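Have a look at the structure below, then the notes.
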2 protein chains.
Amino acid sequence: MSADTARPRRRADAERSIARIVTAARATLSTDPHATVDDIVKAAGVGRMTLYGHFRTRQELVEAALADALRAGEETLAHVDLTGDARDALTRLLESSWSLVAESAALVEAAQGVLPAGRMRELHAAPAERLNELIERGRRQGVFRTDLPVFWLINTVHYVLHGAAEEIRAGRLDSADAGRVIVATVQAIVAVPVGTGGTASA
Amino acid sequence: MSADTARPRRRADAERSIARIVTAARATLSTDPHATVDDIVKAAGVGRMTLYGHFRTRQELVEAALADALRAGEETLAHVDLTGDARDALTRLLESSWSLVAESAALVEAAQGVLPAGRMRELHAAPAERLNELIERGRRQGVFRTDLPVFWLINTVHYVLHGAAEEIRAGRLDSADAGRVIVATVQAIVAVPVGTGGTASA
DNA sequence: CCTAACTCGTACATTCCCATACGAGTAAAC
DNA sequence: GTTTACTCGTATGGGAATGTACGAGTTAGG
């Protein structure tokens, strides 16, 4: 799966260039999803031909940047304790996740415009699966709702997280409040509903 | 405010062309947010110069298309009964809103990439204000939560609606289920939370 | 009917951005 | 220390999309 196995060999020099390019791509695309290849080249402080020597197309570069961001996120999220009450576990997961999502929201947007939907799903498989298992467990524990499909809950959490990123970027939501607001919102979404909602057919 | 007052006069011919163009722009951009001017011209069955005779730039055209979609939406939503229990009113509003949002989701996306954020807010002022008043009323009734800022609740509803549109477009969510799922989700978001959430600091 | 507004087709200028060609320098790796 | 992979600058091709030029035809409207 990793790029190491496929390539026969690579000089340490090249390795460093690739790292610089991917890092610059992540940073640049996370600021401006419409960033051009030249922008990334300049940010990386590297020659244009060097970039195209390692990434044949812009699409490949965007994919590499997104994959790198997700891999970094995985390293952080792998340390989150997901045992015990599923609600508490979800809170911990969200508190570790939201800032990651906020940082890479623009990058994800850039990737969505370039990569096919199926590839995007593949790349997000790991975090999606983690949340999936947590929600299923919470359902078995009886603390999460079962009247809505799991995929909907998972994706809605994503939409809320990306929405929060947008709110922060627009200056409407303070980063200090974001964690609390996000946790409260998502917990409400997945919790078992109390009544049937309102006076219903009163 | 309306375009009639500004223009000194316009031939009935032109009026019809503009209507055809705006309608075609709405339909085309709602299918593909990246639709080109030529695509819209072809869909409208009108000459390219005719379009540029009425809309000086593509941005103007997108704005007109979005404004038209929102105006049509307003006509529908104005008839929704928002009296009585705020929860029931919200359900009625959502059931009338979600399909409108789903239809124009791509159009909104197209506009977001072209129009400044402030202009987008202005155009969405009417539906946002309607939801704002409803939420504030529900708070006074004690049926909606007060621990989260109103703007957050409003915008989160938008994000959920757009997310639902995306799920439908991707074929994961059935249109027949959409209403129920959306209502259940949004009601959960705005409802007064029961416990403090989970075992908390147990 | 006759004037002015409107329409249309096609070609074109402009602008952006992706991707490539080329040749010369530089640093890694055995 | 020599080979080979890698790097770099610049110039250039190629495609796509926006907006304009021009001239002729057509329709509304008084």
Side-chain angles (χ1 to χ4, degrees), chain A residues 3-4 6-25 28-29 31-66 106-107 109-116, chain B residues 3-4 6-25 28-29 31-66 106-107 109-116:
Chain A
D4 316 342
R7 291 273 163 221
R9 208 152 41 118
R10 211 156 38 184
R11 245 169 57 175
D13 198 355
E15 209 83 44
R16 219 178 344 173
S17 287
I18 293 178
R20 289 182 68 180
I21 291 170
V22 170
T23 302
T28 306
L29 290 172
T31 297
D32 173 21
H34 292 46
T36 177
V37 174
D38 276 321
D39 294 336
I40 296 170
V41 160
K42 281 174 193 163
V46 91
R48 181 182 187 76
M49 283 315 295
T50 303
L51 189 151
Y52 275 105
H54 296 295
F55 303 93
R56 232 178 309 173
T57 169
R58 184 198 139 100
Q59 175 174 338
E60 249 182 48
L61 176 59
V62 172
E63 179 167 341
L66 179 61
L107 172 58
E109 187 191 331
Q112 271 172 338
V114 171
L115 302 182
Chain B
D4 316 342
R7 290 277 165 219
R9 203 143 53 114
R10 210 154 40 184
R11 244 168 60 174
D13 198 353
E15 209 83 43
R16 220 177 344 174
S17 286
I18 292 178
R20 289 182 69 181
I21 291 171
V22 170
T23 301
T28 307
L29 290 172
T31 298
D32 173 20
H34 292 45
T36 178
V37 174
D38 276 321
D39 294 335
I40 296 170
V41 160
K42 281 174 192 161
V46 89
R48 182 181 186 72
M49 282 316 296
T50 303
L51 189 151
Y52 274 105
H54 295 295
F55 303 94
R56 233 177 306 171
T57 170
R58 185 196 139 99
Q59 175 174 338
E60 249 182 48
L61 176 60
V62 173
E63 179 167 339
L66 179 61
L107 172 57
E109 186 190 333
Q112 270 171 338
V114 171
L115 301 182

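Throughout, a chain's letter reflects where its sequence line sits, starting with A, and its residues are numbered from 1. For clarity, every value in this text was computed on a predicted model and none was experimentally measured. Below, all heavy atoms of this structure are taken into account, side chains as well, without hydrogens, waters or symmetry copies.
Of all heavy-atom pairs between Gly47(A) and Val41(A), the closest is C-CG1, 4.1 Å. Contact detail for Ala111(A) and Leu66(A): the closest heavy-atom pair is CB-CD2, 3.6 Å. In this structure, His54(A) and Glu60(A) approach most closely via the heavy-atom pair O-OE1, 4.1 Å. Pro116(B) and Gln59(B) make their closest contact through CD-NE2, 4.3 Å (heavy atoms, listed as atom of the first residue, atom of the second, distance). The two residues Pro33(A) and Arg58(A) make their nearest non-hydrogen contact at O-NH2, 3.8 Å. Of all heavy-atom pairs between Arg20(B) and Ala44(B), the closest is NH2-O, 3.0 Å.
Rounded to whole Å, the distance from CG on Leu61(A) to C1' on dA19(C) is 13 Å. Across the protein-nucleic acid pair, Phe55(A) atom CZ and dC17(C) atom C1' stand 19 Å apart, rounded to whole Å. With rounding to whole Å, Asp39(A) atom CG is found 14 Å from dA19(C) atom P. Straight-line distance from the CD1 atom of Ile18(A) to the P atom of dT7(D): 8 Å, rounded to whole Å. Atom CD1 in Ile40(B) sits about 14 Å away from atom C1' in dG19(D), given to the nearest Å. The separation between Glu15(A) atom CD and dC6(D) atom P is 10 Å, rounded to whole Å. In this entry the distance linking CD1 of Ile21(B) with P of dC6(C) reads 12 Å, nearest Å. Rounded to whole Å, atom P of dC17(C) lies 10 Å from atom CG of Asp32(A).
Note that CG of Leu107(A) and CD of Glu109(A) are 10.0 Å apart. Values are rounded to the nearest 0.5 Å. Atoms CG and OG1, on Asp38(B) and Thr28(B) in that order, are 11.5 Å from each other to the nearest 0.5 Å. Going from atom OG1 of Thr23(B) over to atom CD1 of Ile40(B) covers 12.0 Å, rounded to the nearest 0.5 Å.
Within the 4.5 Å cutoff, the side chain of Leu61(A) has no heavy atoms near those of the Leu29(A) side chain.
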Below 3.5 Å is the cut-off: list the nitrogen or oxygen pairs between protein and nucleotides 22-28 of chain C, distance only.
unit_1, atom_1, unit_2, atom_2, d
dA28(C), OP1, Arg16(A), NH2, 3.4

### Message
At under 4.0 Å between heavy atoms, how does the protein contact nucleotides 11-18 of chain D? Give one character per nucleotide, 5' to 3', with B, S or -.
### Response
------SB
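Rounded to 10 degrees, the angle separating the terminal axes of the helix from dC1(C)-dG30(D) to dC30(C)-dG1(D) is 30°, with each axis obtained from five end pairs.
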